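What follows is a single structure, written as structure tokens, with notes after it.
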Number of protein chains: 2
Amino acid sequence: MTDERRKFKRESAKARKEALILATLELVAENGVRGATVRGIAQRADVTQGLIRHYFSSKEELIIAAYEHHMTAMTDQTFAPAAGVDGTALARLTAFVNASLTPPVVDPRSIALWASFLNKVQQDPQMKATHERTYAYFRDFLEGLIAAALEEAGRPAAPARLRQLAIACNAVIDGLWLEGGALPDAFAPGELADIGRQSVAAITGLNLEQEAEKT
Amino acid sequence: MTDERRKFKRESAKARKEALILATLELVAENGVRGATVRGIAQRADVTQGLIRHYFSSKEELIIAAYEHHMTAMTDQTFAPAAGVDGTALARLTAFVNASLTPPVVDPRSIALWASFLNKVQQDPQMKATHERTYAYFRDFLEGLIAAALEEAGRPAAPARLRQLAIACNAVIDGLWLEGGALPDAFAPGELADIGRQSVAAITGLNLEQEAEKT
DNA sequence: GGAAAAATTATACACTTGCATAATTACTCG
DNA sequence: CGAGTAATTATGCAAGTGTATAATTTTTCC
């Protein structure tokens, strides 16, 4: 009677892959990489499990694709706002800190994904490479912004000093990102970005608040 | 012939539980909570899997016990050094920052454990309670140290300001802890603690370096 | 409209998982 | 030293895992 074969619609490879990747990210965030089972992912994407093997040669490959998708999204969300500002270096630094500490970058799901992927990232060479590239890019970019802003203010810094400033500022941003994502209700909207700008200002001796008010 | 039954030695409940918990933490750090299988844990503890059920009524219970063991160890390692100092509040603050940013607190395994447990912590009420208690304790302690040190320096701060300072300092420490554990080879010994003290000093306006040199 | 091709579903398999229970062994205490 | 008891091992089981492959349906194209 009801044991009819399931109806389906054909989709483009691009759309199906995207849907599977998004379903994978949801489940990885919720249950970790091992908890994101092939059957669960298929169900979330409203598809039967065999289809996954049609688009990805293994679960491993799907996981890697999902990780790269996520990292690209995070990078875009962080860098786009700062790149859009074409004023002073100080203005770009301010925009960068703000973007790093407001949604959608600050988000419980991002933290969950970060945590879930960590194990795999440290073991799989390809994922490790993606991670390190992204991290280095982030920190170098921040260091560049700080260097330019200091020069602009007439107080250029030596490379060693610059490295320390970048590490420290990166740490505040990371720490606030972590706290904001782990305890979403503990902070008022904009509070994290406020504290972030103040802290970067205190560490570098630059005045980011003045910049923030210009908006 | 060789299918003799395995020889064994009886141990105290305390010792066996401890051994099982340590094996669990190892495997959770390496492979995540789901990757830490009952069989794997038993093998790591040099025991057969049935014994786990004899000491813990389920895997879940073992995981929770392991998490609490780890959190207690982390807390002890962080707070003991600061509690040992009975000089000025500034000295205690400095000791606290140092302890938070040197081994064994800074350690790749700690990061891996933190990440591996995150999912479960957000889902299991008991683990969530443990986590929030530990986190609040940490931040309140830091806020208290900052408040005392500021008062000592003749510049007491209002509660709202104090809260922001504690959040910011906590974030730097967390961020540096994270970077140090995720990229162990990227920092020279003591470098993280140096940067941590400088950053906390910059944010609060206190002079932690002078304190550090007294050692 | 019908055949060819590709997307999708359905089924099967070997392996792992957590848990339960029976069989044995090491230690304790008289 | 010998019986009793609790610790430990051994075995089994049902459910879930990733993967492989066969069966079917949708779309395309002449």
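Since this is a predicted model, take the numbers as computed values, not measurements. Residue numbers start from 1 in every chain, and the chains themselves are labelled A, B, ... in the order their sequence lines are given, proteins ahead of strands.
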Quiz item: Thinking salt bridges, do B:R109 and B:E26 make one under a 4.0 Å N-O criterion?
Solution: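 B:E26 and B:R109: not salt-bridged.
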Quiz item: Does the distance from a Lys or Arg side-chain N to an Asp or Glu carboxylate O, for A:R6 and A:D46, drop under 4.0 Å?
Solution: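 Yes, this pair counts.
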Figure out the [atom1]/[atom2] separation between [X] and [N], and round it to whole Å.
X	N	atom1	atom2	result
B:R5	D:dT9	CZ	P	9 Å
A:E60	D:dT17	CD	P	17 Å
B:I63	C:dT17	CD1	C1'	13 Å
A:Q49	C:dA12	CD	P	13 Å
A:K59	D:dT17	NZ	C1'	8 Å
A:I52	C:dT11	CD1	P	18 Å
B:I41	C:dT17	CD1	C1'	12 Å
B:F8	D:dT8	CZ	P	7 Å

Practice problem: Give a yes/no on whether any side-chain N or O of A:H54 is located under 4.0 angstrom from OP1 or OP2 of C:dA7. | Solution: yes
Quiz item: Within less than 4.0 Å of OP1 or OP2 of D:dT8, is there a side-chain N or O belonging to B:Y55?
Solution: yes
Quiz item: Passes side chain to side chain contact (heavy atoms under 4.5 Å, CB included), A:D124 versus A:Y67? Steps please.
Solution: CA-CA 12 Å; A:D124 181 285; A:Y67 179 66; over 6 Å; no
Quiz item: Going by atom types alone, do B:Y135 and B:N170 pair a side-chain donor with an acceptor below 3.5 Å?
Solution: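 The criterion, which ignores hydrogens and geometry beyond distance, is satisfied for B:N170 and B:Y135.
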Quiz item: Would a distance-only check, ignoring hydrogens and angles, find a side-chain to backbone donor-acceptor pair under 3.5 Å from A:Q123 to B:E30?
Solution: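 Such a contact is found between A:Q123 side chain and B:E30 backbone.
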Exercise. Give a yes or no answer on whether the side chain of A:S110 reaches the backbone of A:V106 with a donor-acceptor pair at less than 3.5 Å.
Key: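 A pair under 3.5 Å: no.
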Quiz prompt | Which residue lies more 5' along DNA chain C, comparing A:R6 with B:S58 via nearest heavy atoms | solution =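 Nearest-nucleotide comparison on DNA chain C picks A:R6.
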Practice problem: Return the 5'-most residue of the pair A:K7, B:G50 with respect to DNA chain D, ranking by each residue's nearest nucleotide. | Solution: B:G50
Quiz item: So which one's nearest nucleotide on DNA chain D is more toward 5', A:T37 or B:D46?
Solution: B:D46
Quiz item: Are the side chains of B:T72 and B:T134 in touch, meaning some heavy atoms are under 4.5 Å apart?
Solution: no
Quiz item: Hey, does A:T48 reach any base, or is it just sugar-phosphate, or nothing, if we go heavy atoms under 4.0 Å?
Solution: base
Self-check item: Within residues 9-27 of chain B: residues closer than 4.0 Å to DNA chain C (heavy atoms)
Solution: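 Hits under 4.0 Å, by residue number: B:K9, B:R10.
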Quiz item: Does a distance-only test, which skips hydrogens and angles, find a donor-acceptor pair under 3.5 Å between the side chain of A:R39 and the base of D:dG16?
Solution: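 Between D:dG16 and A:R39, which were checked side chain against base, a qualifying N/O pair under 3.5 Å is absent.
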